[in-house]
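Both ligands and their constituent atoms are indexed starting at 1 by order of listing.
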Amino acid sequence: MEWPGEFVSEPVVVTHAGGSYPVYVEPGILGQLNQRALELLPARRLAMIADTTVHQLYQTGRLGAVTWCGETLTVPPGEASKTRETWAHLTDGLLGRGYGRDSALIGLGGGVVGDLAGFVAATYMRGLPYLLVPTTLLAMVDASVGGKTAVNAPLGKNLIGAFHPPAGVLADPLALSTLPEREFRTGLAEAVKHALVADAPYFDWIETEVPAILRRDSEVIVRLIRRSVEIKAEVVSEDERETGRRAVLNAGHTVAHALERASHYQLAHGEAVALGLIVECEIGEQSGIAQPGLRTRVAALLDEFGLPVRVPHSIPLTALLDGMQLDKKNREGRIHLALARAIGSVHRTERWTTAVSPAQMGAALKAVGEA
Ligand SMILES: NC(=O)c1ccc[n+]([C@@H]2O[C@H](COP(=O)([O-])OP(=O)(O)OC[C@H]3O[C@@H](n4cnc5c(N)ncnc54)[C@H](O)[C@@H]3O)[C@@H](O)[C@H]2O)c1
Ligand SMILES: [Zn+2]
């Protein structure tokens with residue numbers, strides 16, 4: 001199938017209130033990490049933050065040709081590290097090593113390290129510049145673009161955080177060669193989300209390229225990352241602080257965050273997003289907002305990617321509804337969702353979200369639950 005856009009190797013540029021930053025999607029760019037860091041973060045003492053898995057991969061030369069000769073602070077891999085405790089450990093580590101206001105950070109890894117390193121950068125000495133070097137598909141297509149940084153609290157995901165855009169993003173698709181299958185597939189959930197909320201031809205293209213995507217065909221993967229980054233960059237450049245259209249990028253996420261928490265983080269973020277998209281499409285269809293058949297088409301694609309499409313019955317409805325009480329889009333105590341109306345388009349309201357009752361949520365969760 002013809003690609004709907006031109007293929008170019010220029011960086012995608014994201015603009016925000018304080019300026020702009022480039023997002024490079026370039027095979028082999030990790031080999032230029034030192035040089036790019038010097039260009040994007042001039043005259044700074046640099047510290048890298050990575051999880052131990054990624055740190056080991058690059059130390060043993062398996063993460064592309066990463067060249068990095070500075071200091072690295074590590075955290076254990078996984079969502080359990082995205083906490084205030086780890087934030088305290090990292091900031092104490094930087095203080096203990098004498099990092100001052102003339103420093104800058106590099107977050108090398110998946111979305112967990114990106115969100116964490118970004119939050120450390122947002123808060124350390126009232127804010128340091130930082131670079132993101134995403135090494136998972138999920139972080140390349142989504143998490144490293146947009147300047148949202150956060151840690152989780154026991155009551156929910158991403159509840160403590162800050163908007164703090166990076167100085168640049170270096171995405172090297174070659175780094176994905178070591179990514180385990182499950183992690184690769186979770187990233188595809190966010191790409192499907194981008195297509196669903198903003199770009200019908202992109203959705204069609206993903207559907208026809210499923211086998212090449214799952215083979216990790218390098219040209220197809222570069223195009224997928226690039227298109228997702230373009231969509232996210234366009235939306236966040238227009239609405240950095242999420243007062244309007246940026247909420248469309250939260251499609252699937254109200255339900256996803258509640259599922260992650262209720263599953264005690266046994267569901268990966270992208271797996272929860274897959275389920276969240278399906279549940280939210282079902283709510284849209286049941287309330288007459290979405291075109292009939294939308295949920296079936298979205299679920300079929302996510303299923304082809306090996307993502308979960310049925311909410312496990314081990315997760316009680318009450319835990320999910322509780323989990324949605326602290327969603328950041330809630331207003332006057334009511335759950336608000338960004339609901340797709342058709343492939344490529346979100347139901348437009350003043351804030352791009354629609355109030356949903358617990359009964360509507362319950363009915364949709366039941367329809368998408370395991371038999
Ligand atoms: N800030 C945002 O806008 C935003 C957007 C989407 C998601 N997120 C956040 O991102 C997080 C999920 O990110 P994730 O899915 O990347 O998870 P992750 O960061 O936990 O990475 C997944 C696993 O892959 C390993 N890994 C990373 N790169 C690897 C590589 N190249 N080869 C082999 N293993 C590798 C990691 O060590 C980890 O075990 C969630 O916390 C989510 O809330 C943030
Ligand atoms: Zn997400």
Side-chain angles (χ1 to χ4, degrees), residues 14 23 30 49-58 60 62-64 66 74-83 86 107-119 121-122 132-152 156-166 169 171-194 197 216 228-229 232-233 235-236 240 242 246 248-257 259-261 265 267-277 307 328 338:
V14 183
V23 181
L30 274 180
I49 296 176
D51 72 31
T52 47
T53 304
V54 171
H55 184 238
Q56 219 201 348
L57 283 171
Y58 94 75
T60 52
R62 280 177 293 159
L63 197 70
V66 177
T74 59
V75 299
E79 191 72 32
S81 280
K82 226 178 94 172
T83 60
T86 316
L108 174 75
V112 165
V113 161
D115 282 10
L116 195 53
F119 189 52
L132 284 175
V133 186
T135 62
T136 64
L137 183 63
L138 189 139
M140 291 186 195
V141 297
D142 196 313
S144 59
V145 180
K148 281 188 181 177
T149 75
V151 292
N152 303 327
K157 283 264 304 179
N158 298 340
L159 293 178
I160 314 294
F163 285 99
H164 187 56
V169 180
D172 186 344
L174 298 182
L176 299 176
S177 63
T178 50
L179 197 64
E181 194 58 27
R182 181 180 178 197
E183 307 302 345
F184 182 77
R185 290 168 189 242
T186 62
L188 296 171
E190 300 279 12
V192 170
K193 175 195 76 179
H194 295 136
V197 301
R216 307 194 193 183
S228 276
V229 167
K232 185 148 186 196
V235 174
V236 304
E240 185 193 2
E242 201 170 312
R246 185 166 181 171
V248 306
L249 296 173
N250 263 298
H253 278 61
T254 307
V255 171
H257 288 159
L259 280 166
E260 282 179 84
R261 177 172 171 262
Y265 297 99
L267 278 171
H269 177 71
E271 292 168 349
V273 169
L275 290 169
L277 289 172
L307 288 158
K328 295 188 285 307

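Not a single heavy atom of R62 sits less than 4.0 Å from an atom of ligand 1. Residue contacts with ligand 1 include A175, since one or more of its heavy atoms lies under 4.0 Å from the ligand. Taking 4.0 Å as the cut-off, L176 does not count as a neighbour of ligand 1 on heavy-atom distance. No heavy atom of G114 sits closer than 4.0 Å to any atom of ligand 1.
Using a 4.5 Å heavy-atom cutoff, the side chains of L108 and I49 are not in contact. Between E260 and H253 the shortest side-chain heavy-atom distance does not fall below 4.5 Å.
Taking atom 26 (N) of ligand 1 as the reference point, the nearest protein heavy-atom neighbour is V54 CG2, 3.8 Å. For atom 10 (O) of ligand 1, the closest heavy atom belonging to the protein is G111 CA, 3.3 Å. Summary of contacts: the protein heavy atom closest to atom 24 (O) of ligand 1 is E183 CG, 3.8 Å. In terms of protein heavy-atom proximity, atom 9 (C) of ligand 1 is nearest to D115 OD2, 3.5 Å. Looking at atom 21 (O) of ligand 1, its nearest protein heavy atom turns out to be T136 CG2, 3.6 Å.
Ligand-side atoms of ligand 1 in range of E190: 6 (C), range being under 4.0 angstrom from any heavy atom. Near T178, meaning under 4.0 Å from one of its heavy atoms, ligand 1 places the atoms 30 (C), 31 (N), 32 (N), 33 (C). Against a heavy-atom cut-off of under 4.0 Å, P180 is close to the following atoms of ligand 1: 33 (C), 34 (N). Ligand-side atoms of ligand 1 in range of K157: 40 (C), 41 (O), 42 (C), 43 (O), range being under 4.0 angstrom from any heavy atom. Ligand-side atoms of ligand 1 in range of D142: 5 (C), 6 (C), range being under 4.0 angstrom from any heavy atom. Numbered from 1 in the order shown, with element, the atoms of ligand 1 that lie under 4.0 Å from a heavy atom of K232 read 3 (O). Distances below 4.0 Å separate heavy atoms of P77 from the following atoms of ligand 1: 37 (O), 39 (O). Interface atoms of ligand 1 facing T53, defined by a heavy-atom separation under 4.0 Å, are 37 (O).
Neighbours of the Zn ion (ligand 2) restricted to protein N, O or S atoms under 2.8 Å: the count is 3.
Ligand 1 has an N or O atom lying under 3.5 Å from an N or O atom of V112, backbone or side chain. Between H257 and ligand 1, no pair of N/O atoms sits closer than 3.5 Å.
In this structure, atom 4 (C) of ligand 1 has protein heavy atoms in its sub-4.0 angstrom surroundings.
In this structure E240 satisfies the salt bridge (charged side-chain N to carboxylate O under 4.0 Å, His left out) test with no other residue, sequence neighbours excluded.
Between D142 and K232, at least one side-chain nitrogen of the basic residue sits less than 4.0 Å from a carboxylate oxygen of the acidic one, meeting the salt-bridge criterion. We find that E271 and R185 are not joined by a salt bridge, their nearest charged nitrogen and carboxylate oxygen being 4.0 Å or further apart. Look at K328 and E242 and you find no salt bridge, because none of the NZ, NE, NH1 or NH2 atoms lies under 4.0 Å from a carboxylate O.
D115 pairs with exactly one of N158, T149, V151 by the side chain to side chain contact (heavy atoms under 4.5 Å, CB included) rule, that one being N158.
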